[in-house]
There are 2 protein chains.
Amino acid sequence: MNALATQTSFPPYSPQSQAMAVAGPIDIDQLSRHVQILRRKLAPGQHAYRAGQSFHAIYLVHAGFLKTCELSEDGRERVTGFRMRGDLVGVESIGLAHYSCDVVALDDSEIWELPYPPVMHACLYMPELQSRLTAALAEEIRNDRAWMLALGTLSAEQRVAAFLLDMARRHLRLGFSARHFLLRMGRADIASFLGLKHETVTRALTRLDRLQCIEVQRREIRLLDADGLQRMAGQGETIH
Amino acid sequence: MNALATQTSFPPYSPQSQAMAVAGPIDIDQLSRHVQILRRKLAPGQHAYRAGQSFHAIYLVHAGFLKTCELSEDGRERVTGFRMRGDLVGVESIGLAHYSCDVVALDDSEIWELPYPPVMHACLYMPELQSRLTAALAEEIRNDRAWMLALGTLSAEQRVAAFLLDMARRHLRLGFSARHFLLRMGRADIASFLGLKHETVTRALTRLDRLQCIEVQRREIRLLDADGLQRMAGQGETIH
DNA sequence: CGTCTTATTGATATCCCTCAAGCTGTGTGG
DNA sequence: CCACACAGCTTGAGGGATATCAATAAGACG
C-alpha cells in the first residue's frame with residue numbers, strides 16, 4: 001500500500017483548513033458575514049450543476065476534484081478544465097440566467113455555494129472582494145488562452161507533458177508533492193481536455209515513461225525529469 | 001468596384017456613433033464623467049499594446065479590426081481572437097502588472113483607452129459599471145470555451161465553417177450584411193486562430209466554395225447557404 | 001470469483017501538415 | 001504605362017502524426 005492510496009479524498013484537508021480565512025481568491029470569513037454560504041458535498045460522478053439549470057451561485061472548491069465540461073447542441077462535448085481546492089467554479093455563467101456548462105465531481109468533493117446576487121451586493125461593502133473576483137475572472141481567461149496556445153501549437157506528446165506539469169504545479173501550490181501524485185481523472189477526460197483520443201494519451205504517457213521522464217502506473221504519476229518535460233513542453237521555468 | 005471596397009475603414013461609423021452613449025458593454029457617457037478617456041488611432045500593423053508592457057488601461061474598440069495574440073517563452077505564437085467595434089480589449093491582463101498578450105490592428109482602427117485603476121475606482125460610483133464589466137469578463141470566458149470545444153471536436157473544414165458563421169454573426173450585430181463581407185485578416189491569421197495551417201484554410205474555403213456553401217475571392221466572402229454551413233459546424237440556429 | 005470499466009497495445013486508415021511550385025493582385029520605379 | 005518585385009493565396013504531391021478499429025490486460029467492485 002502506497003502513500004497516495006491513503007489519501008481517500010483529494011486534496012485532503014490541511015490541519016487548519018476549517019479555520020482558514022482565505023481560500024483561493026476570496027476572503028471567506030468576511031464574505032460569510034454578508035452572505036449565507038452553503039456547503040455541499042459531492043460524490044464522484046455527481047454534478048455541481050448542469051448546463052441549463054438556473055444560475056444562482058458561484059462555487060469555491062473546498063476539497064476534492066472536479067471537471068468542467070462544455071457541451072454543444074449536437075452532442076459534442078469537451079472537458080475545458082479541472083478544478084481543485086481554491087478554484088472558483090461557475091464564474092463563466094455570471095450574467096446569464098442559466099449555467100452554460102456542466103461541472104462534475106471526479107472525487108469526493110466539497111464545494112461552498114456563494115449565492116450570486118448576494119455576492120455581487122456584498123461587493124459594495126467589500127471593495128476588496130470586487131477586485132478579487134474580477135482578477136479571478138481575468139486569470140481564468142489567461143489560463144484558457146494559455147491552453148489554447150498549447151493545444152494549437154504542441155504535439156500530442158508535448159500536450160501531455162504540459163498537462164502533467166500543470167497538475168504538478170497545482171499540487172505543489174496546495175502543499176502536495178509535485179513529483180508524485182495521483183491523477184483524479186481517466187484517460188478519456190485527459191484526452192478530451194487536450195483535444196486528443198484516449199489511446200493517444202496512453203501512448204504519450206507510455207512514451208514519456210520509456211524516455212525516463214516519468215513513471216506511470218495507471219493513474220499514479222512520478223516525475224523523474226521535470227526539466228526534461230519542461231523543455232519538451234516549451235516552458236523555460238522549473239518547478240521549485 | 002463593389003460595395004465592400006468603398007468601406008475604407010471597417011466597420012464604418014454609424015451616423016450617430018459619436019453620440020452613442022452605450023458602446024458595447026460599457027456606458028461611456030457616464031464613465032467619461034469619472035475617468036479621462038483617451039482616443040487612440042491605429043494603422044494596420046500597429047500594436048495597441050504588447051505582452052510585457054506595463055498594464056495601465058483596458059480598451060474599447062470603437063472602430064476597425066484587431067487581433068489578440070498569445071505568445072510563449074519559446075517563440076510559439078497563436079491568434080486567440082479577433083476584435084471589432086464594441087469589444088473590450090485588455091481585460092485578460094487585469095490583476096497583472098504587465099499585459100499578457102499582444103493586440104495588433106489589422107485595419108485602420110480607433111480604440112478608446114480606459115485607464116484601469118480609475119475605471120475600478122469609478123465602479124464604486126457606478127454599480128452598473130461593475131456588473132457590466134464582470135459580465136463582459138464572463139462572456140469572454142464563455143466565448144473562449146466555445147472555441148475550445150469547436151477546435152477540439154471539429155474537422156478543419158468544420159472549423160472554417162464555424163469561423164465564417166461567427167464573423168457573419170458579428171457583422172450582423174454591428175448592422176452589416178451577414179451574407180457578404182470582407183475578411184480583415186490573412187489566411188495565416190485565420191489558420192493560427194483555428195489551430196490549422198494556412199494551406200488547410202485555403203483548401204477548406206475552396207472546398208466550401210465548390211460545395212456552393214460560400215463564394216470566396218481572396219478576402220471577399222459571400223454566404224450562399226448559411227444553413228448548410230451551420231449544419232456542418234454542428235450549430236442548430238439560423239442567422240436571423 | 002465473475003463482471004464491468006478503464007487502460008494498454010497493435011495494425012491500419014485518414015486527415016492534415018510539409019514542401020514546393022505557380023498564381024494573383026498590389027505597389028514601385030523607370 | 002509598363003516591367004518588375006513582392007507578399008499573399010492557391011494548388012499539388014507526398015509523408016507523418018494522430019485517429020480508428022480491434023483485441024487483450026489489468027484493476028475495481030460487487
Side-chain angles (χ1 to χ4, degrees), chain A residues 1-2 4-5 8 43-45 67 76-79 104 106-108 150-164 182-211 214-221 232, chain B residues 1-2 4-5 8 43-45 67 76 78-79 104 106-107 150-164 182-211 214-221 232:
Chain A
M1 167 150 298
N2 71 56
L4 291 180
T8 55
K67 66 175 174 181
R76 284 173 295 125
E77 182 178 342
R78 182 163 180 190
V79 174
V104 189
L106 294 173
D107 199 353
D108 287 306
L151 302 188
T153 57
L154 299 180
S155 71
E157 200 171 306
Q158 291 176 308
R159 291 183 210 184
V160 171
F163 171 75
L164 293 175
L182 221 53
L183 296 173
R184 259 42 210 193
M185 73 299 282
R187 299 289 188 261
D189 282 334
I190 301 173
S192 173
F193 177 65
L194 295 177
L196 302 169
K197 296 294 166 185
H198 68 96
E199 298 96 324
T200 307
V201 171
T202 289
R203 280 187 244 270
L205 287 170
T206 306
R207 183 111 192 295
L208 291 173
D209 185 310
R210 292 222 182 90
L211 290 173
I214 62 174
E215 232 178 76
V216 202
Q217 234 164 38
R218 282 185 85 78
R219 296 190 178 185
E220 187 178 350
I221 302 288
M232 190 170 291
Chain B
M1 166 147 299
N2 71 57
L4 292 179
T8 55
K67 65 175 175 181
R76 283 171 296 125
R78 183 163 180 191
V79 174
V104 189
L106 293 172
D107 199 352
L151 302 188
T153 57
L154 299 181
S155 71
E157 201 171 305
Q158 291 176 309
R159 292 183 209 185
V160 171
F163 170 75
L164 293 176
L182 221 53
L183 297 173
R184 259 44 207 193
M185 74 298 281
R187 299 290 188 261
D189 282 334
I190 301 173
S192 173
F193 177 65
L194 296 178
L196 301 169
K197 296 296 164 182
H198 69 97
E199 297 97 325
T200 306
V201 171
T202 289
R203 279 187 246 271
L205 287 170
T206 306
R207 184 109 192 297
L208 292 174
D209 186 311
R210 291 221 183 91
L211 291 173
I214 61 174
E215 231 177 76
V216 201
Q217 234 166 38
R218 283 183 88 76
R219 297 192 176 183
E220 189 177 348
I221 302 287
M232 190 171 291

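The analysis underlying the following values was restricted to heavy atoms, covering all of them including side chains, and did not include hydrogens, waters or symmetry mates. Naming convention: chains lettered A, B, ... in sequence-line order (proteins, then strands); numbering from 1 in each chain. All values derive from a computational prediction rather than experimental measurement.
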Nearest atoms (heavy-atom pairs only) where [X] meets [Y]:
{"X": "B:R78", "Y": "A:L151", "answer": "NH1-C, 4.1 Å"}
{"X": "B:I190", "Y": "B:V201", "answer": "CG2-CG1, 4.0 Å"}
{"X": "A:T200", "Y": "A:A156", "answer": "CG2-CB, 3.7 Å"}
{"X": "A:G45", "Y": "A:V104", "answer": "O-CG1, 3.6 Å"}
{"X": "B:H198", "Y": "B:A191", "answer": "N-CB, 3.5 Å"}
{"X": "B:R159", "Y": "B:L194", "answer": "NH1-O, 2.7 Å"}

Next item on the list: Would you please name every residue forming a salt bridge (charged side-chain N to carboxylate O under 4.0 Å, His left out) with A:R207, sequence neighbours left out?
Entry: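 For A:R207, the residues satisfying salt bridge (charged side-chain N to carboxylate O under 4.0 Å, His left out) (neighbours in sequence not counted) are A:E157.
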
Could you list the residues that satisfy side chain to side chain donor-acceptor pair (under 3.5 Å) with [X], not counting sequence neighbours?
{"X": "A:K197", "answer": "none"}
{"X": "A:R76", "answer": "A:D74, B:T153"}
{"X": "B:E199", "answer": "none"}
{"X": "B:S155", "answer": "B:Q158"}

Next item on the list: Sugar-phosphate atoms are those with a prime plus P, OP1 and OP2; base atoms are the rest. Using that split, label each nucleotide of nucleotides 23-30 of chain D B, S or - for protein heavy atoms under 4.0 Å, 5' to 3'.
Entry: ----S---

Notebook entry, point to check: Is the shortest heavy-atom distance from the side chain of B:L183 to the side chain of B:F163 under 4.5 Å?
Noted result: yes

Next item on the list: Side-chain contact test, heavy atoms from C-beta onward, threshold under 4.5 Å: evaluate it for B:V216 versus B:I221 and give yes or no.
Entry: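 SC-SC contact between B:V216 and B:I221 confirmed.
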
Next item on the list: Grab the CD-C1' distance between A:Q158 and D:dA17 for me, whole Å please.
Entry: 12 Å

Next item on the list: Would you kindly give the CG-to-C1' distance between B:L182 and D:dC9, to the nearest whole Å?
Entry: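 Whole-Å distance recorded here is 15 Å.
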
Check: Who pairs with A:A162 by side-chain contact (heavy atoms from CB on, under 4.5 Å), at least two apart in sequence or on another chain?
Finding: A:W147, A:L154, A:A233, A:Q235

Next item on the list: Begin from the C-alpha positions of A:V79 and A:M185 and carry the test side chain to side chain contact (heavy atoms under 4.5 Å, CB included) through to its verdict.
Entry: CA-CA 11 Å; A:V79 174; A:M185 73 299 282; over 6 Å; no

Checklist line | Neighbours of DNA chain C within residues 186-199 of chain A, by heavy-atom distance under 4.0 Å | finding: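 The stretch gives A:G186, A:R187, A:H198, A:E199 as the residues lying under 4.0 Å from the strand, ordered by number.
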
Next item on the list: Under 4.0 Å from any atom of DNA chain C, heavy atoms only: list the residues of residues 201-211 of chain A that qualify, in numerical order.
Entry: A:T202, A:R203, A:T206

Note to self: Need two values: the first and the last nucleotide of DNA chain C, 5' to 3', having an atom under 4.0 Å from any heavy-atom of chain A.
What the structure shows: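 Listing 5' to 3', DNA chain C meets chain A from C:dT6 to C:dA11.
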
Notebook entry, point to check: When the C1' atoms of the five terminal pairs at each end define the local axes, what inter-axis angle does the helix from C:dC1-D:dG30 to C:dG30-D:dC1 show, to 10 degrees?
Noted result: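 Comparing the first five pairs with the last five, the axes sit 40° apart.
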
